[in-house]
Structure formats: C-alpha cells, structure tokens
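Contents: one structure, followed by commentary.
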Number of protein chains: 2
Amino acid sequence: MFAHQRTAALKAAIELDLFTAIGEGVDTVTALALRSKATERGVRILCDYLAILGFLAKQDHRYSLTPESATYLDLRSPACIASIVGFMTLPEKIDAFKDLASVIRTGRPALSGGAGSISPENPIWVDFARSMGSMQLPAARELARSLDAGAGKKWKVLDVAAGHGVYGIELAKQNPNAEIFAQDWAAVLDVAADNAREAGVERRYHRLPGSAFEVNFGSGYDIILMTGFLHHFSPREIEGLLRKVRTSLAPDGLVATVDFVPNEDRLTPPRAAAFSMEMLGTTISGDSYTFAEYQRMFLNAGFSVNELRPLAGSGHSLILSRI
Amino acid sequence: MFAHQRTAALKAAIELDLFTAIGEGVDTVTALALRSKATERGVRILCDYLAILGFLAKQDHRYSLTPESATYLDLRSPACIASIVGFMTLPEKIDAFKDLASVIRTGRPALSGGAGSISPENPIWVDFARSMGSMQLPAARELARSLDAGAGKKWKVLDVAAGHGVYGIELAKQNPNAEIFAQDWAAVLDVAADNAREAGVERRYHRLPGSAFEVNFGSGYDIILMTGFLHHFSPREIEGLLRKVRTSLAPDGLVATVDFVPNEDRLTPPRAAAFSMEMLGTTISGDSYTFAEYQRMFLNAGFSVNELRPLAGSGHSLILSRI
C-alpha cells in the first residue's frame, strides 16, 4: 500500500539530480543537501529509501551509485533515461489511478475527463515526445538493425504516431536512402522534427500532422512503423486502422509493430503484461494484447504473414506483417 | 515509476471486495464482474495485475487466493486487515507524495497545509482509528503477553495517543484488574471507546481527550503505552514528552514504546527503515529512529534502563523503559 512512495521517491531523486551528484562523488548527506539546496533530513531519508530499494549503495554513511543507476539515472551517462520521469509521473497520470475502483466499475478512465490519453491533441503526448525518446533509443537502434537499414535500400517510411520520432529517425540515420513521413499531432511533430534536426536527417523528415485515424497517409510505403501505439485502442479500432495502413503499403511492403506483447497467460513477462494496468487507468479500451490477438487483428485487416520477434534492448516485441 | 499503480490496484481490489469473492469461489472474470458490478475488461486487467504481483494465483483463466491473501485480504478471515486501506491510501496522504522534491527542499510536508499529520484534531486520526486496529491486533496481543498481563496485577495504565485503542484494550482483556486511561483527540477516543465496548472492557476504559503534549495525564501509572506515536516528532519534542510521561509514572512503573526501530544502518529491516519515508511525506520532523537514538532520548529524559525487544506479529519493536 505504500508502493506509491517508490514512484514519488524516484521522481524526487531525479528532480533533485541526486544520481548525478552521487556519481560525481558528492556522497554524504550534508554535501548532497548543500548541492541540492535541500534539507538534510529530507536528503537522508530519500537516499536511505533509495538504498533500501536498490537504487543506491550505502557504506559508512556514504552513498554510491549501483551499476544500474550509474547507467540509467546519472545525467552524464549516454544511456541515461532520467528524462522519462517527465511523462511517467505526470500529475494527471498519477491522479488517473486515484480511484481505480470507479474506473473498473464504469469503464471510463479519469484522465482527460473520461476521454483518456487518446483524446484529440491531448497535450500529454508533447510531454511523452520530450521525455521518452531516451528510453526508446536502444529499441529503435535494434529495430533499424533488424530491418537491415544499413543496406541502404530506397525506402519510403511511414511512422504512425511518431511521438519523439526516434524509431523513424534511427531508420533515417542508418539508411541514407530512407525518406521518413511522420504522423502525429502537430505539437508533437514539432518535438520529433527537433530530434530529426539534431540527428541531421531533417531534409528527409516530412510531417503528416493530425489523427492516425483521419490524416491522409499517402501510399507506396516500403515500411510502416507503429511503435507503442496500438495498445491504446480496442481490437475493432485497431483493425480499422490496420485496413487503412494496408492501403498505404507498397505490395511488398512491411509493417513493423513495436509493442508490449505478453504471453498467453497474460502474466509473463511481467513488464509487458502489467502494462495493461497503465492502459486501464489512462484509456477507454487499450490493452496489452497477446500475439494471438494481434495476429487475428492483422489477419482480419488483410495481412497474411505475421511474425513475432523479441526486440533486444527493451521490454517490447516486434511484429513484422506483410499483405 | 509505475509503482504507484500497485497501491491503486490493491486499494481497488479491496474496495471491489474481489478477495472475498475469489475466496468464495467466484473465480472467472465474467462472474467476478457480475458480482462486483464492474466491467469485465477492468476486472480482468486488475486480477492479472494482482496475479503478477503475487496477490492472486491464476490457472486456466481462473483465479484463486494465495495463502497470504486468504489470511489477510478475505473479509471472512479473522486475521483480515483489508480495512487498513481506509487510512493507508487516504487521498490526502497519497497527494502528500505528489511533489516530494519540494518537501525535501523546504522541509515542510504538503499534508494539512504544511502542518503535517500531527496538527491539532487532524481528522486523519479518526480514519486511522477506524482502519488500523485490525493490523495492530497481533502486536497488541503479543505486547500484553510480554507484559504478563494475564498475571492479573492491579494496573493503572496510560495509553498515550491511543488511536483505535487496541493496545490498551488488549491489556484490559488479558488483565481484569487493569484500568485504562486513553488519551487522544476526542473524536478519535470515540472510536477507541466503541472498540472498548465491543471488547467488554468499557467500565475500565477512561478518556483523556486532548493533545499528548498538553492534557493532564494524572499520575501513578504502572504502565504507560506509546504505540506508533513517537515517530511523528523530533528528538527534542520526544524528550519533552518523555519528561512529562516520567512525572506520571509510578516509581517502579514501566514505559512500553512500540514502534518501527531500524538497525544502525537505517536500511534494515526494510519495512521499519522505509517507514521514515512516510514520516518525511506527512510530518515536519518525524523519523524511524534507531534504538541508539531512542536510548539517548530516554536517558536525557531521566529513564535509566531501556531494553529493546522484537514484537512478534508485527514489523514493530518494543522498547521497555524504567526510571
């Protein structure tokens, strides 16, 4: 029942930049409090709590990073994903779980007045785009390798609900002959375009602002990416979108779906399976779908070949689908 | 970062009374949704999530209780502590952790406008008294046994910040010659008095309404109980209270402090050590104090003998102190 304090503690530690400070060798309560402009009691209780959870080590009243926190939470680490706190602990997302019994009774999420996270132009996706790219980067690189982007084939790529854009951008980085068409809400695409500019691929990065269900994708795509998107919707909505996607795909084109795909038991792997709770709290009909469920949706939408692969560097799976 | 969902899920399951339903053999999603008047999607995602966390077992789409959830979460079990959800997940307590970085910077808890849980007549203690007695009962019984209440000596007992009252009430139940004087806010004592009546000890149960720091305790107590109370305050405040307590104690009287007492490392045992986070979020200067710290406070207040004992049936320790 106190588990909510874990979320609060990790968020506070990132906001106070304690992990970077400890990584730099600021390792006593007094020095950390001075550096963070915070109270000694608060810093001590927080650091001890993080040590109890395994995010820090403690010896003789001095704290140090664990290998995991050094890699993922120290801002100086190239693999740092501390930015995800900006999306994952958004106050409105935390609040969405305040009365989960009502959500379960009524079937309506508390988020965004009952519309959930997928309401039009929902500003949380700007937070998502700004925060979550760092965590997706390893999976994006792995996806680009899986698709053999390095071979340099002439590709027309559609990135559905691009968000931070890192999946499409990685394809463009690894394949200099890829043109990326990124769809998302206009304000979200501003963030993706910034990321494309930083990656030096902005001239091959094109915007399709609007809803995935309404915007004209165009046609003849060699690759269509749907990363962390389908889980927000019902099977019927997904099948509708897949039919639309199919008409935009070149005859020998490939749809690459990256998502949490739990086993048939819906309990394993725990991270993929438990993600359904996030969908319960924040969407009307989203879910962590099994591969059998995705297969049925793709088959109903006219795709005849579907292949499931793990995607190294993330808790996600990759589904490759062809017409 | 998603740990807050664990709190939400356990709270929702108790509010929907899923554990009792599953204990009675209602074990499919469809039947549970019908029984809880809730949506099938919501019930399925919640039950799977609880199974991932280990609160339920799942086999062939049917759920069953684990030994722990059967004992502690099924309302039909005499050891059920499901009621604790009423205090432990109070919305204002959850909200107190929403911006923990600010609490750590300023040293002021968000709860009750910065005053924290110990503000005068704070209504959360009525919720506490109504909710938390069930969980404290095993420790209260163990305490009464430790003090050899069954020997039936003539006892005048002071229960400081009695809350639900179960510690004092258990002494009165095991010792028919004990008179209990219970101090707490008046509205809290109403709950304790109800519990005393249910236990059949109401004629030996007396009320001292008001603040522990201000009310006149009287004198000549053989036993003074302070259970789950001292952790809310600073060492200076505690020493002041202990001096007051000392003047109320009979010369050969005993002070029995029941509280979370972590080891000197402040990391173990984890439940006692991590409780300091609850104090950081909800009080100005509370803490999980070590035995060395308590010893110093008791010695400074004029107690010469202090003994630490584990208290079976709880994560608490027992400190026995004499003048």
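Reminder, nothing fancy here: chain letters follow the sequence lines and each chain counts from 1.
- Heavy-atom distances place the side chain of B:Ile14, and not its backbone, under 4.5 Å from chain A.
- Interface remark: of the candidates A:Asp60, A:Ile94, A:Ile104, A:Leu100, A:Ile104 forms the most heavy-atom pairs closer than 4.5 Å to chain B.
- Between the side chains of A:Asn122 and A:Ser119, a donor-acceptor pair is found at a separation under 3.5 Å.
- In terms of heavy-atom pairs under 4.5 Å with chain A, the best-connected choice from B:Thr39, B:Ile84, B:Leu16, B:Leu10 is B:Thr39.
- With a 4.5 Å cut-off on non-hydrogen atoms, B:Ser102 does not touch chain A at all.
- Using a 4.5 Å cut-off between heavy atoms, B:Glu278 touches chain A through backbone and side chain atoms alike.
- In terms of non-hydrogen atom pairs under 4.5 Å with chain A, the most contact-rich of B:Arg44, B:Glu15, B:Arg6 is B:Arg44.
- No hydrogens or angles considered: nothing links the side chains of A:Glu68 and A:Thr71 as a donor-acceptor pair under 3.5 Å.
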Discussion item. Could you go through A:Thr268 and A:Asp265, starting from their C-alpha distance and side-chain angles, then the distance that decides it, and tell me whether this counts as side-chain hydrogen bond (donor to acceptor under 3.5 Å, both in side chains)?
Written reply: CA-CA 7 Å; A:Thr268 58; A:Asp265 61 14; 2.7 Å; yes
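- The candidate with the highest count of non-hydrogen atom pairs below 4.5 Å against chain B, out of A:Pro270, A:Gly42, A:Ala13, A:Gly281, is A:Gly42.
- A:Ser134 and A:Ser83 form a side-chain donor-acceptor contact under 3.5 Å, judged by distance and modelled atom types alone.
- Of the two parts of B:Phe2, the backbone and the side chain both hold a non-hydrogen atom closer than 4.5 Å to a non-hydrogen atom of chain A.
- Note: B:Tyr289 and B:His231 fail the aromatic proximity criterion, with ring centroids not under 6.0 Å apart.
- Of the two parts of B:Leu56, neither the backbone nor the side chain holds a non-hydrogen atom closer than 4.5 Å to a non-hydrogen atom of chain A.
- For the set B:Ile52, B:Val103, B:Asp99, B:Val43, the count of heavy-atom pairs under 4.5 angstrom toward chain A peaks at B:Ile52.
- The aromatic rings of B:Phe128 and B:Trp125 sit perpendicular, their planes meeting at an angle over 60°, well past the 30° parallel limit.
- For chain A, the nearby part of B:Lys37 is the backbone; its heavy atoms alone come within less than 4.5 Å.
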